[in-house]
Amino acid sequence: MPAIESSPEFVAATYAKMAERLAVVRKRLGRPLTLTEKILYGHLDDPAGADLRAGESYVQLRPDRVAMQDATAQMALLQFAQADIPRVAVPTTVHCDHLIQAREGAAKDTERALDENREVYEFLRTASNRYGIGFWKPGAGIIHQVVLENYAFPGGMMIGTDSHTPNAGGLGMFASGVGGADAVDVMAGFPWEVKSPKIIGVKLTGSLQGWASPKDVILLVCGILTVKGGTNAVIEYFGPGAASISCTGKGTIANMGAELGATTSIFPFGASMDRYLRGTERAALADLAAKNVHLVTPDPEVETDPAKYFSRVIEIDLNTLEPHLVGPHTPDLARPISQVAAAVAKESYPDQISVALIGSCTNSSYEDISRVTDVVQQAKAHSMKATIPFLVTPGSEQIHATIVRDGQMGEIQSVGGQVLANACGPCIGQWKRDEIKPGTRNTIVTSYNRNFPARNDGSKETLAFIASPEIVAAYALAGRLSFNPLKDALQGGDGKPFVLKAPKPAPDLPANGFVRDADGYLPPAADGSKVKLEVAPDSKRLQLLTPFAPWDGKDFVALPLLMKAKGTCTTDHISPAGPWLRFRGHLDNISDNMLTGAVNAFTGQANPNIPKTARAYKAEGLRWVVVGDENYGEGSSREHAAMSPRFLGCAAVIVRSFARIHESNLKKQGILPLTFVNPTDYDKVLEGDKVSVLELASLAPGRDVVAELHHANGGVDRVTLRHTLNAEQIGWFKAGSALNVIKGQTR
Ligand code: MIC
Ligand code: SF4
């Protein structure tokens, strides 16, 4: 069994292997390398033979670790169980964070979750024990924070069944979000396959001033690159400004690179990472990274002549960076804070903020919370409290216990802050609000990372804006979105107006060290082979999987068009979260949410009956097709957005463009992901169409596919569709799923 920890021995062995593989690749390429290339190529399965064309080829990689959270681990482990493999091949952890509902505060909410989710936690705990996986209990913290504190290391490679896995890029790790089926590959000892990414360089100069924070770097980048600008790309940060940012601040930036669709984001090793490793009791790893600095930083030529090595270079001067706010409904609608008041007036956003929320996996570092404390202390000095509900989600028990000990939490509570469990809570729709009538149009401000409609409280009428924690704290005091924290006056409890000062630079690490979480972790049994994995046959929450049927070798002829989706269609639209999270381990039950959030292009409305229609087709033995718009499936890694369609009979998804993780999840589950070669062909798809996808017997890498749209009026349009399937992925389609292929190999 592999040790779970990133021990010094493990990391040293990783560096040695990286150096060996890189020597081979350097010979082949004969040029300086970016940091991304060093880690990527340092983890190649076959450094001598791999096809390295960025943005085009697929590379097979050997990640060092796997991390999974409770909402996605259920399906991943059900698939792993189906693959029938005794133990995981690489260090793997499971983290219970998504299923805790935010209602009454940390203690009660965690207790209720333990009770309500007992069966699921028991399954995850037992499966972890059986397969040799480290298990983090509910309440211990959010996956990305716990990974940063315990497992991430510079130069390492990790995949995680959560789109914000790139958070570990703050500690120099190549960490990527994947669907559960990808995780199963790696846990089963197979390589991880991913499109060889392009690399976008972001050069940071200067240093953050005043109110500006690491969050503002990524909010600005979101505005520049947009939600699809990072697709199949890695964002590599460099320059003196990058060195000036704390390790946890880098984590915030890398975390939210997921909002660009990036494969990952990464920072070079430097002093702040060294400090963070020592501050989290991993001095030996800091020493090892320093000794292997050539593996964890780019070659010097890259910094001096970046245009030569990156597909695009963006330059940001931190000295002049203004705090930003993004939203509503999409993270790339970015505005400098000074322009927010005008936007509120122009767009008629509700000015009154209903709730301000800080924390989450993205922004609950010691530095973040200390800067927030600075803001609330200024309010206290003027006898002022938050004027609206102010909720705080610590990222982990370690950070929670530390800010309680050091007094920040007390200060935040004294102005009205309410502490939630160390879990996802309101960030993933696990928020039971009772201060507002459901369906009321209202504004919230968060320091989270995602703001799709209905994301936080299930209501599309909630407009979610995102800013740094210190700016959100200022909004909690003012209660108005048109308030400019940098300039506008607040009314003190003493009746006197005052203007907030920019929070002082805060320490990134506690002077007295972190309070370690002694109870959150459960190691697996040394020999788990006797541990029984049981799923009750009548369970509402868990269901063993039945393999999907192989392709029957025939073309798809005249399949009904189940849905033509218009505009943004994220995984939250395809497989909504919130209350549905309770069915994440039960494919049949969760499929009742399929596509219920998507906007039907013919009616302009979402259709709650879509799953029923799909089930009716399935009952008739008919397969069906979905048509979608740009960046289809953006957002999360949840493979339920591919598995439910597959389960209910989807044969092909035809769109203008795909988000990376979703496209690969569709391939894994045996659905054909196709894009219109001519994007305007999307308009040719009409209500009542029957769709044929032809000549599938000659499906081959790089060969376009022909489809026919049979319209209700008898007309037919022929359209050309593109796919990115390579030979192996075509094998998954033929076998019915990737899992069917793996299973065959291990028997
Ligand atoms: C998210 O932030 O959207 C989630 C919830 O963490 C998802 C994972 C999931 O849906 O379980 C993600 O980011 O991948
Ligand atoms: Fe949890 Fe939100 Fe982070 Fe996703 S983005 S892991 S839901 S806190």
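For ligands, and for the atoms within them, numbers begin at 1 and follow the listed sequence. Here the structure is a predicted model, which is why all the values come from computation and not from measurement.
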Novice: Could you name all protein N, O or S atoms found under 2.8 Å from atom 1 (Fe) of ligand 2?
Specialist: C424 SG

Novice: Distance to 0.1 Å, residue and atom name: give those for the protein heavy atom nearest to atom 12 (C) of ligand 1.
Specialist: S636 CB, 3.1 Å

Novice: Please confirm whether K668 makes a cation-pi placement over W732, using NZ or CZ under 6.0 Å from the six-membered ring centre and within 45° of the ring normal.
Specialist: yes

Novice: Considering only protein heavy atoms, which is closest to atom 13 (O) of ligand 1, and at what distance to one decimal place?
Specialist: S163 OG, 2.5 Å

Novice: Any idea which atoms of ligand 1 are less than 4.0 Å away from a heavy-atom of R584?
Specialist: 9 (C), 10 (O), 11 (O)

Novice: Near H164, which atoms of ligand 1 are under 4.0 Å from a heavy atom of that residue?
Specialist: 2 (O), 13 (O)

Novice: So if I count the atoms of ligand 1 from 1 in the order they appear, which ones are less than 4.0 Å from some heavy atom of T72?
Specialist: 9 (C), 11 (O)

Novice: Which residue, E634, K228, E663, forms the side chain to side chain contact (heavy atoms under 4.5 Å, CB included) with F658?
Specialist: E663

Novice: Using side chain to side chain contact (heavy atoms under 4.5 Å, CB included) as the criterion, point out the one residue from I253, N449, L148, T248 that pairs with N167.
Specialist: L148

Novice: Out of H164, K215, Q145, which residue meets the side chain to side chain contact (heavy atoms under 4.5 Å, CB included) rule with N255?
Specialist: H164

Novice: Under 4.0 Å from a heavy atom of H98: which atoms of ligand 1 are those, numbered in the order shown and with their elements?
Specialist: 4 (C), 5 (C), 6 (O)

Novice: Out of curiosity, is R455 lining ligand 2, as in a heavy atom under 4.0 Å away?
Specialist: yes

Novice: Between D109 and R112, does any NZ, NE, NH1 or NH2 come within less than 4.0 Å of an OD or OE carboxylate oxygen?
Specialist: yes

Novice: Using a cut-off of 6.0 Å, state whether more than 12 heavy atoms not belonging to E111 lie near its atom CD.
Specialist: no

Novice: What is the nearest protein non-hydrogen atom to atom 10 (O) of ligand 1, stated with its residue, atom name and distance?
Specialist: R638 NE, 2.6 Å

Novice: Look at atom 6 (O) of ligand 1 and find which of D162, N449, T362, N255 reaches it with the closest heavy atom.
Specialist: D162

Novice: Considering only protein heavy atoms, which is closest to atom 8 (C) of ligand 1, and at what distance to one decimal place?
Specialist: Q69 NE2, 3.1 Å

Novice: Between Y632 and H662, does the ring centre distance come in under 6.0 Å?
Specialist: yes

Novice: Determine the interplanar angle of the H573 and F452 rings, folded into 0 to 90°, and report it as parallel if under 30°, tilted if 30 to 60°, perpendicular if over 60°.
Specialist: tilted

Novice: Could you check, using the six-membered ring where one of them is a Trp, whether F80 and Y131 have ring centers closer than 6.0 angstrom?
Specialist: yes

Novice: Within ligand 1, which atoms have a heavy atom of A71 less than 4.0 Å away?
Specialist: 11 (O)

Novice: One residue to check: R455. Relative to ligand 1, which of side chain, backbone, both or neither has a non-hydrogen atom less than 4.0 Å away?
Specialist: side chain

Novice: Before signing off on this row, confirm whether S637 and ligand 1 have an N or O atom pair separated by under 3.5 Å.
Specialist: yes

Novice: Ignoring hydrogens and angles, state whether a donor on the side chain of S354 or E435 is under 3.5 Å from an acceptor on the partner side chain.
Specialist: no

Novice: Are R65 and Y151 in a cation-pi setup, meaning NZ or CZ lies under 6.0 angstrom from the ring centre and within 45 degrees of the ring axis?
Specialist: yes

Novice: Need the ligand 1 atom indices (1-based, order shown) with element for anything under 4.0 Å from a heavy-atom of I428.
Specialist: 5 (C)

Novice: Indicate, as side chain, backbone, both or neither, the part of N449 found under 4.0 angstrom from ligand 2 when only non-hydrogen atoms are considered.
Specialist: side chain

Novice: Quiz question: by atom type and distance under 3.5 Å, do the side chains of S644 and S575 form a donor-acceptor pair?
Specialist: no

Novice: Applying side chain to side chain contact (heavy atoms under 4.5 Å, CB included) between Y448 and each of V445, I444, T446, report the one that passes.
Specialist: T446

